[in-house]
Amino acid sequence: MSPANKDVVATVDSLDWKYVQDELPDDQTTCLIATDFDGSDEVEIAYCAGDVWLYPSGEAVTIPVYAWAYAPSKPAKKGGR
């Protein structure tokens with residue numbers, strides 16, 4: 001581990017990605033979404049409201065979402081507080 005990363009408290013090795021044609025998350029659940037824009041795969045944060053994906057700002061996601069995963073929990077504050 002490099003000195004710059006000595007305070008890393010956790011890593012995410014894998015996520016349970018789900019395809020949108022198979023399953024959608026519960027409404028208002030924050031997720032990571034995988035999008036395909038002109039052949040460039042991107043991962044972003046969003047939530048689903050019915051069958052519409054929205055960014056945290058409330059703006060609609062207008063590019064195709066092909067998969068999603070539950071967002072990992074945030075870590076405890078440094079020092080466990």
Side-chain angles (χ1 to χ4, degrees):
M1 183 179 307
S2 71
N5 292 328
K6 68 179 181 176
D7 291 330
V8 172
V9 294
T11 60
V12 176
D13 293 325
S14 65
L15 294 170
D16 184 19
W17 287 97
K18 301 170 188 319
Y19 291 102
V20 296
Q21 71 265 22
D22 297 333
E23 182 179 353
L24 290 175
D26 293 334
D27 279 357
Q28 309 299 316
T29 301
T30 301
C31 299
L32 299 177
I33 59 170
T35 60
D36 180 14
F37 181 70
D38 289 337
S40 175
D41 293 331
E42 300 291 332
V43 174
E44 303 184 63
I45 296 173
Y47 63 94
C48 194
D51 61 352
V52 176
W53 288 98
L54 302 165
Y55 292 110
S57 67
E59 180 182 352
V61 177
T62 59
I63 54 180
V65 176
Y66 66 89
W68 64 274
Y70 289 110
S73 301
K74 59 185 171 183
K77 292 183 179 179
K78 191 170 180 176
R81 296 180 223 153

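Counting begins at 1 with the first residue of the sequence.
The environment of OH in Tyr19 is sparse: at most 12 heavy-atom neighbours from other residues, nucleotides or ligands sit within 6.0 Å. Remark: Ile45 CD1 is loosely packed, at most 12 non-hydrogen atoms of other residues, nucleotides or ligands lying under 6.0 Å away.
Shown here for Ile33 and Trp17, the closest heavy-atom pair between the two residues is C-CZ3, 4.1 Å. The two residues Ala46 and Val61 have their closest heavy-atom pair at CB-CG2, 4.3 Å. Shown here for Val65 and Thr35, the closest heavy-atom pair between the two residues is CG2-CG2, 4.0 Å. In terms of heavy-atom proximity, Cys48 sits nearest to Gly50 at SG-O, 3.2 Å. Of all heavy-atom pairs between Gly58 and Tyr47, the closest is CA-OH, 4.0 Å.
Ring pair Tyr55/Trp53: centre-to-centre distance not below 6.0 Å.
In this structure, Pro25 and Thr30 have side chains that are not in contact, with every pair of non-hydrogen atoms separated by 4.5 Å or more.
Listed by first then second residue, pairs satisfying salt bridge (Lys or Arg N to Asp or Glu O under 4.0 Å) with a partner in residues 17-43 read Asp16-Lys18, not counting sequence neighbours.
In terms of hydrophobic clustering, with Ile, Leu, Val, Met, Phe, Trp and Tyr side chains grouped at heavy-atom distances under 4.5 Å, Leu54 and Val20 are assigned to different clusters.
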